[in-house]
Undergrad: 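Before I ask anything, let me first share the structure, which is written out below as structure tokens.
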Amino acid sequence: MDTYFSETANQNAPISFFAQLLKYLPQAWIFDEDKRLSPRSNARQFTFWDQLVCLLFCHLAGCDSLREIEDGLISAVGKLQHASAKAMGRTTLAYANEHRSYEIAKNLYFRLLQTYAQLFKGHLDQDYFHPVYALDSTTISVCLSRFQWARYRRAKGGFKLHTVLDEDLQLPVVMNMTHGKRADVKEAKAAIEALGSKDITVVMDRGYNDYKLFMWLTQRGTKFVTRIKDNAKTTRLKDDIIEEKDNYGDYGFQFTQEQARKVCGNTRFRLVQWYDSENNRWFDFLSNDFDLTATQIADLYRKRWQIELFFKKLKQNLKIKSFIGTSENAVMTQI
């Protein structure tokens with residue numbers, strides 16, 4: 001913890017690294033948002049700013065408990081004065097995490113995303129005509145006896161984070177929490193609608209294979225790229241060749257299964273078959289986008305791996321597997 005805080009003998013000493021990071025946060029906006037969203041009945045001695053400082057300290061200092069946060073901040077109370085924050089006791093912090101709506105933290109994230117987006121842009125190396133987003137979910141296991149609201153199985157606790165990642169920023173723009181049994185397909189529409197714009201491209205893994213979802217995306221004007229199921233029945237690919245080469249095939253097709261025909265009718269989709277020479281295997285990509293090249297379709301799905309890396313960072317680099325609160329609100333505030 002001394003990495004972030006060091007006691008000083010005079011007030012003119014350099015501000016700590018942690019305090020310098022806090023200066024990039026919109027403190028005045030945070031106070032205004034806190035007054036707008038926090039119930040008047042809540043104690044006003046400690047603000048969301050104080051709570052935020054505690055949670056950031058938890059992540060950066062690697063704290064695993066409320067007591068660690070309390071001890072660390074109390075030992076650095078002199079540095080906190082530079083950040084206009086007060087050290088919160090562990091019971092006060094626990095109460096704030098449980099009762100102060102996580103919407104404040106959520107709004108702050110989007111405010112920061114809007115402010116600093118230009119610093120993160122540029123991960124897409126070519127023009128795909130539409131903004132590109134990756135859709136996926138991750139399950140976080142928790143102790144059922146402590147997180148009783150997160151019942152996943154009979155003797156197991158867990159919840160899902162349904163996430164939409166902006167591929168150009170490689171940061172999440174939607175993150176909805178549901179119980180662990182919630183199917184990805186059932187949450188897909190809500191996550192995509194939360195983006196607002198329809199003129200986008202959504203990249204999904206094979207877990208989102210659903211004819212109704214494909215038609216819903218197509219009818220709203222949203223492009224998608226995913227993997228097609230191995231047992232999918234279609235019209236003959238040779239009847240609708242867009243392009244064929246040694247390492248890929250590009251075809252138009254229609255679904256022929258009875259269930260698929262009821263939903264999709266005669267809607268034409270696109271199948272790109274791509275050969276991975278390094279692993280000696282073929283990949284089949286399904287899309288409703290006929291404007292991109294076959295190479296771009298395959299490349300878009302390859303970039304989907306970034307959301308898997310994001311989930312890995314979320315669980316390993318941040319304190320997301322060691323929650324300091326057990327209520328739904330406390331968990332979402334920390335996330």
Side-chain angles (χ1 to χ4, degrees), residues 3-5 14-38 47-63 79-80 82-85 100-128 130-136 138 161-177 191-192 194-197 199-203 300 303-320 331-335:
T3 305
Y4 303 102
F5 297 97
I15 300 176
S16 68
F17 172 66
F18 183 69
Q20 291 180 52
L21 286 178
L22 295 179
K23 285 189 174 295
Y24 287 96
L25 300 179
Q27 189 176 21
W29 179 89
I30 291 173
F31 281 121
D32 291 340
E33 194 74 357
D34 188 18
K35 292 178 182 178
R36 185 176 71 85
L37 293 178
S38 293
T47 65
F48 176 68
W49 175 257
D50 301 317
Q51 181 185 357
L52 178 64
V53 169
C54 291
L55 292 174
L56 289 175
F57 180 83
C58 170
H59 285 294
L60 294 175
C63 299
K79 288 296 184 182
L80 285 181
H82 290 293
S84 303
R100 181 175 278 125
S101 173
Y102 76 87
E103 290 293 329
I104 307 177
K106 179 180 176 181
N107 293 345
L108 171 61
Y109 170 76
F110 284 110
R111 172 68 181 250
L112 292 172
L113 188 66
Q114 182 181 21
T115 303
Y116 298 110
Q118 292 299 326
L119 299 177
F120 295 94
K121 283 186 175 180
H123 289 92
L124 288 177
D125 52 2
Q126 53 183 302
D127 185 10
Y128 293 99
H130 310 287
V132 179
Y133 299 95
L135 171 64
D136 205 351
T138 186
L161 292 176
H162 301 268
T163 305
V164 179
L165 193 81
D166 186 317
E167 288 284 16
D168 196 38
L169 301 176
Q170 292 188 4
L171 288 170
V173 289
V174 175
M175 186 172 281
N176 298 332
M177 184 176 73
I192 294 171
L195 294 171
S197 176
D199 194 19
I200 59 177
T201 298
V202 179
V203 188
L300 275 179
K303 294 180 183 299
R304 194 201 67 82
W305 185 247
Q306 292 301 322
I307 195 170
E308 303 289 353
L309 296 179
F310 169 75
F311 289 145
K312 184 177 180 180
K313 293 175 183 177
L314 187 72
K315 294 178 179 179
Q316 293 185 357
N317 296 356
L318 299 178
K319 285 297 174 182
I320 293 302
V331 167
M332 284 304 291
T333 299
Q334 192 170 341
I335 290 174

Undergrad: Hey, does Q118 have a side-chain heavy atom less than 4.5 Å from the side chain of K121?
TA: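 Touching, per the 4.5 Å side-chain cut-off.
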Undergrad: For a 4.5 angstrom cut-off between non-hydrogen side-chain atoms, does I335 reach Y109?
TA: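 A side-chain contact is absent here, since even the closest heavy-atom pair is not under 4.5 Å.
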Undergrad: Are more than 12 heavy atoms from other residues, nucleotides or ligands located less than 6.0 Å from atom CD of Q114?
TA: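 Check fails, neighbour count at 12 or below.
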Undergrad: Quick one, D166 and L171 - any side-chain contact, counting heavy atoms below 4.5 Å?
TA: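 Heavy-atom side-chain distance check fails, nothing below 4.5 Å.
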Undergrad: Quick check: does any side chain N or O of D34 sit under 3.5 Å from a backbone N or O of T47, one acting as donor and the other as acceptor?
TA: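 The answer is no, because no donor-acceptor pair under 3.5 Å joins these two groups.
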Undergrad: Can you confirm whether L108 sits close enough to I104 that some side-chain heavy atom of one is under 4.5 Å from a side-chain heavy atom of the other?
TA: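 The answer is no; the side chains never approach within 4.5 Å.
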Undergrad: Yes or no on side-chain contact (heavy atoms from CB on, under 4.5 Å) for F48 and E33, after CA distance, side-chain angles and deciding distance?
TA: CA-CA 9 Å; F48 176 68; E33 194 74 357; over 6 Å; no
Undergrad: Would you compute the distance between atom NE2 of H123 and atom CG of L165 and round it to the nearest 0.5 angstrom?
TA: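 One finds 10.0 Å between NE2 of H123 and CG of L165.
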Undergrad: Side-chain contact test, heavy atoms from C-beta onward, threshold under 4.5 Å: evaluate it for V174 versus Y133 and give yes or no.
TA: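 No, every pair of side-chain atoms sits at 4.5 Å or beyond.
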Undergrad: Does a donor on one side chain and an acceptor on the other come within less than 3.5 Å for H162 and N176?
TA: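 Side chains of H162 and N176: no pair found under 3.5 Å.
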Undergrad: Distance check, rounded to the nearest 0.5 Å: L195 atom CG versus I200 atom CD1?
TA: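 It comes to 4.5 Å.
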Undergrad: If you apply the rule side-chain contact (heavy atoms from CB on, under 4.5 Å), what do you find for L22 with L56, and how did you get there?
TA: CA-CA 9 Å; L22 295 179; L56 289 175; 3.7 Å; yes
Undergrad: Answer yes or no: is there a side-chain heavy-atom contact under 4.5 Å between P172 and L113?
TA: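 The answer is no; the side chains never approach within 4.5 Å.
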Undergrad: Could you give the distance from CD (Q27) to CG (L52), rounded to the nearest 0.5 Å?
TA: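 Those atoms lie 10.0 Å apart.
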Undergrad: If you round to the nearest 0.5 Å, how far is CE of M332 from CE of M175?
TA: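 M175 CE to M332 CE: 7.5 Å, rounded to 0.5 Å.
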Undergrad: Only pairs under 3.5 Å count here: list side-chain donor-acceptor contacts from residues 303-313, not counting sequence neighbours, and write none if there are none.
TA:
| residue | atom | partner | partner atom | Å |
| --- | --- | --- | --- | --- |
| K303 | NZ | D125 | OD1 | 3.4 |
| R304 | NH1 | D136 | OD2 | 3.1 |
| R304 | NH1 | E308 | OE2 | 3.3 |
| R304 | NH2 | E308 | OE2 | 3.3 |

Undergrad: Any side-chain heavy atom of V132 within less than 4.5 Å of one from D168?
TA: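 Answer no - side chains too far apart.
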Undergrad: Do the ring planes of Y116 and Y24 sit parallel (below 30°), tilted (30 to 60°) or perpendicular (above 60°)?
TA: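 Y116 and Y24: perpendicular rings.
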Undergrad: With a 4.5 Å limit on heavy-atom distance, are the side chains of T333 and Q51 in contact?
TA: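 Side-chain contact under 4.5 Å: yes.
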Undergrad: Distance from W49 atom CH2 to C54 atom SG, nearest 0.5 Å?
TA: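 Rounded to the nearest 0.5 Å, the CH2-SG separation comes out at 11.5 Å.
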